[in-house]
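Every heavy atom of this structure was used, including side-chain atoms; hydrogens, water molecules and symmetry mates were not. Predicted model, so just to flag it, every value in this text is computed and none were measured. Sequence lines set the chain letters: A, B, ... in the order given, protein chains first and strands last, and positions in each chain run from 1.
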Number of protein chains: 2
Amino acid sequence: MDKNLKRMATMQRLQVTGLELFYRNGYYNTSIDDILKELSLSKGAFYHHFDSKEDFFVQIIQNLVVRKMYTMLIEPIEGHENSLELITNCFENALETAVHNELDFGFILGNFISEFNGKNPMIMKHLSDILKIWEVNLVSVIQKGKFNGYIDRHVDSEGVAVFLISSYMGIRTFMVENTPSARKYRFMIQLRQYFKSIAAKKEIV
Amino acid sequence: MDKNLKRMATMQRLQVTGLELFYRNGYYNTSIDDILKELSLSKGAFYHHFDSKEDFFVQIIQNLVVRKMYTMLIEPIEGHENSLELITNCFENALETAVHNELDFGFILGNFISEFNGKNPMIMKHLSDILKIWEVNLVSVIQKGKFNGYIDRHVDSEGVAVFLISSYMGIRTFMVENTPSARKYRFMIQLRQYFKSIAAKKEIV
DNA sequence: TTAATAGTAGACCAAGCGGTCTGTTTAAAC
DNA sequence: GTTTAAACAGACCGCTTGGTCTACTATTAA
C-alpha cells in the first residue's frame with residue numbers, strides 16, 4: 001500500500017478507537033495501551049504518528065469531534081424554514097442516537113469539559129472553541145427565526161442559545177443515569193413547551 | 001481528647017478535604033496521598049478509618065453530599081408559597097454560589113455521574129439515589145403548585161422535574177467553561193420565560 | 001503503674017502509567 | 001538488487017497509584 005495512505009489509515013484507526021474509549025472511560029482513565037491493545041498495535045506505532053497523548057487527543061477533537069458536531073448539531077438546523085421546528089427535530093434525532101448509546105458529540109463536549117476543567121487549560125481552549133461554534137450557529141439560527149417571523153422579536157437570542165445548550169448537555173447527563181428513553185420523551189415535551197413560549201404571537205397586529 | 005471524638009474529627013477532616021479534591025480534580029485523578037498531604041496525615045491513619053478509596057467515597061456521598069443536597073436544593077423549595085417562585089430563587093442562589101466557585105452539590109452529582117458512568121455501577125447506584133431524592137421532591141413541589149393554583153394543571157410534573165434537573169446540570173457545566181456570571185444571568189431569564197409558560201393562566205374561568 | 005488498644009507514621013509492594021529507545025520489517029526510489 | 005527511510009514491535013525506564021504491614025505513640029481501663 002502507498003505509505004502515505006497507510007499512515008493516514010493507521011492514524012484514523014487510532015483516533016476513532018481513541019475517541020470511542022475516551023468517551024466511554026474518560027481521558028485520564030484510558031491508557032494508550034488500552035487503545036493499542038484494541039487495534040493490536042504497539043507503542044512504537046503510536047509514538048511514530050503522535051507526539052504525546054495530549055497531542056493525540058487534540059487531533060481527535062480537531063478532526064473527529066468538530067466534523068461530527070457539524071453534521072449532527074449544526075447543519076440540520078440550517079435552512080429557511082421554521083427555526084424552532086428545525087432545532088426541535090435536530091435535538092430529537094441527536095437524543096435518539098444517544099438512547100441507542102451511540103457516540104453523541106454534544107454530550108462528549110460536556111463530558112470532556114467536566115473532565116478537563118481546571119486541569120488542562122490548553123485542551124479546555126479547544127473544547128471551548130467547538131462549543132462556541134455551536135453557540136454562534138444557534139444564535140444566528142434564532143435570529144433568522146426572528147426575521148422570518150417564527151420567533152418573538154423580543155427574546156434574547158444569546159439567552160435562548162445558552163438555555164438550549166445547557167438543557168441539551170444536562171439531559172444527556174441525566175439520560176445516562178436512568179431510563180434514557182422515557183427521559184428523552186419528557187424532555188422533548190417540555191422543550192416544545194418552552195419553544196411555544198418564545199414563538200412569535202400570531203396576528204397580534 | 002476522647003478517642004471517639006478524635007476518630008470522628010479525623011474522619012470528618014478527611015471527608016471534607018476528600019470531597020473538595022474529588023470535586024476539583026475528579027475521583028480517579030485524585031490520589032489518597034493528595035488528600036493526606038493536604039492534612040499532613042499518613043496512609044496509616046487513612047486505612048485505619050476507611051476500608052478503601054471506594055468505601056471512603058461512598059461515605060462522603062452518604063454524609064456530606066446528601067446533607068448539602070437537602071440544604072441547598074430541597075429545603076429551600078418546600079413551603080406553601082408559589083412553587084415556581086421558590087424554585088426560581090433556589091436556582092438563583094445555587095447558581096450564585098457556583099459563580100463564586102464554591103462547592104455546588106447539584107453540579108457535583110452531574111460531574112460524578114459522567115465520571116462513573118459505565119465504570120462503577122455500585123457508586124452509580126448511590127449517585128442515582130441522591131438524584132432521585134431531588135427529582136421526587138421537585139415533582140411533589142410542582143404538584144403542590146398545581147393544587148395551589150400556581151401551575152397549570154395540564155403540565156406533566158415529572159416532565160418539568162426532568163427538564164429542570166437537566167437544565168440545571170447543563171448550565172453548571174456550561175458555566176465552568178466561560179463567563180459564568182453572564183451565562184447564569186441569561187439562563188435565569190429563559191428559565192423564568194419557561195416558568196411563565198407553565199404557570200396557571202389567570203382567571204380564564 | 002501497667003496492660004491493652006486506638007491512632008498514626010511511613011517504608012514497602014505490585015501494577016499501571018506515559019514516554020523512550022533500539023531493533024526489525026516493509027515498501028518506495030534508484 | 002540495493003539503498004533508504006517510513007512503519008512498526010516491544011523491552012525498558014522512572015514515576016505514581018491503591019493498598020499492606022510493621023512499628024511507634026497516645027489514651028483509657030484495670
### Task
Quickly work out the Arg13(B) CZ to dT8(C) P distance and round it to whole Å.
8 Å
### Query
Ring centroid separation for Phe56(A) and Tyr47(A), is it under 6.0 angstrom?
no
### Message
Output the rounded distance in Å from CE (Met11(A)) to C1' (dA6(D)).
### Response
13 Å
#### Entry: Ring centers of Phe57(A), Phe116(A) separated by less than 6.0 Å
yes
### Query
For Lys37(B) and dT8(C), what is the distance between atoms NZ and P respectively, to the nearest whole Å?
20 Å
### Task
Grab the CG-P distance between Leu5(B) and dT27(D) for me, whole Å please.
13 Å
### Message
Nearest whole Å is fine: how far is dT8(C) P from Leu39(B) CG?
### Response
11 Å
### Message
If we ignore hydrogens and angles and just use 3.5 Å, is the side chain of Asn117(A) paired with the main-chain N or O of Ser114(A) as donor and acceptor?
### Response
no
### Task
Indicate for each nucleotide in nucleotides 10-23 of chain D, in 5' to 3' sequence, whether protein heavy atoms under 4.0 Å reach the base (B), only the sugar-phosphate (S), or nothing (-).
B------SBBB---
### Task
Give a yes/no on whether any side-chain N or O of Thr10(A) is located under 4.0 angstrom from OP1 or OP2 of dA7(D).
no
Do any side-chain atoms of residues 135-149 of chain A form donor-acceptor pairs under 3.5 angstrom with protein atoms, and if so which ones, sequence neighbours left out?
unit_1: Glu135(A); atom_1: OE1; unit_2: Arg183(B); atom_2: NH2; d: 3.1
unit_1: Asn137(A); atom_1: ND2; unit_2: Ile133(A); atom_2: O; d: 2.9
unit_1: Ser140(A); atom_1: OG; unit_2: Asn137(A); atom_2: O; d: 3.2
unit_1: Lys144(A); atom_1: NZ; unit_2: Gly79(A); atom_2: O; d: 3.4
unit_1: Lys146(A); atom_1: NZ; unit_2: Val155(A); atom_2: O; d: 2.8
unit_1: Lys146(A); atom_1: NZ; unit_2: Ser157(A); atom_2: OG; d: 3.0

### Query
Between Phe163(B) and Phe163(A), what is the ring plane arrangement, given parallel below 30°, perpendicular above 60°, and tilted in between?
perpendicular
#### Entry: Residue-phosphate contact under 4.0 Å: His48(B) side-chain N/O, dT8(C) OP1/OP2
no
### Message
Under 4.0 Å from OP1 or OP2 of dT8(C): is there any side-chain N or O of His49(B) that close?
### Response
yes
### Task
Take the protein atom CZ of Phe50(A) and the nucleotide atom P of dA7(D), then report the distance between them rounded to whole Å.
12 Å
### Message
Looking at Arg7(B), I'd like to know whether one of its side-chain N or O atoms comes within less than 4.0 Å of OP1 or OP2 on dA6(C).
### Response
no
#### Entry: Phe91(A) and Phe187(A) aromatic centres sub-6.0 Å
no
### Query
To the nearest 0.5 Å, what is the distance between CH2 (Trp134(B)) and CD1 (Ile77(B))?
9.0 Å
### Query
Roughly how many Å is it from CG in Asn4(A) to C1' in dA27(C), rounded to a whole number?
13 Å
### Task
Measure the distance from CG on Leu36(A) to C1' on dA7(D) and round it to the nearest whole Å.
13 Å
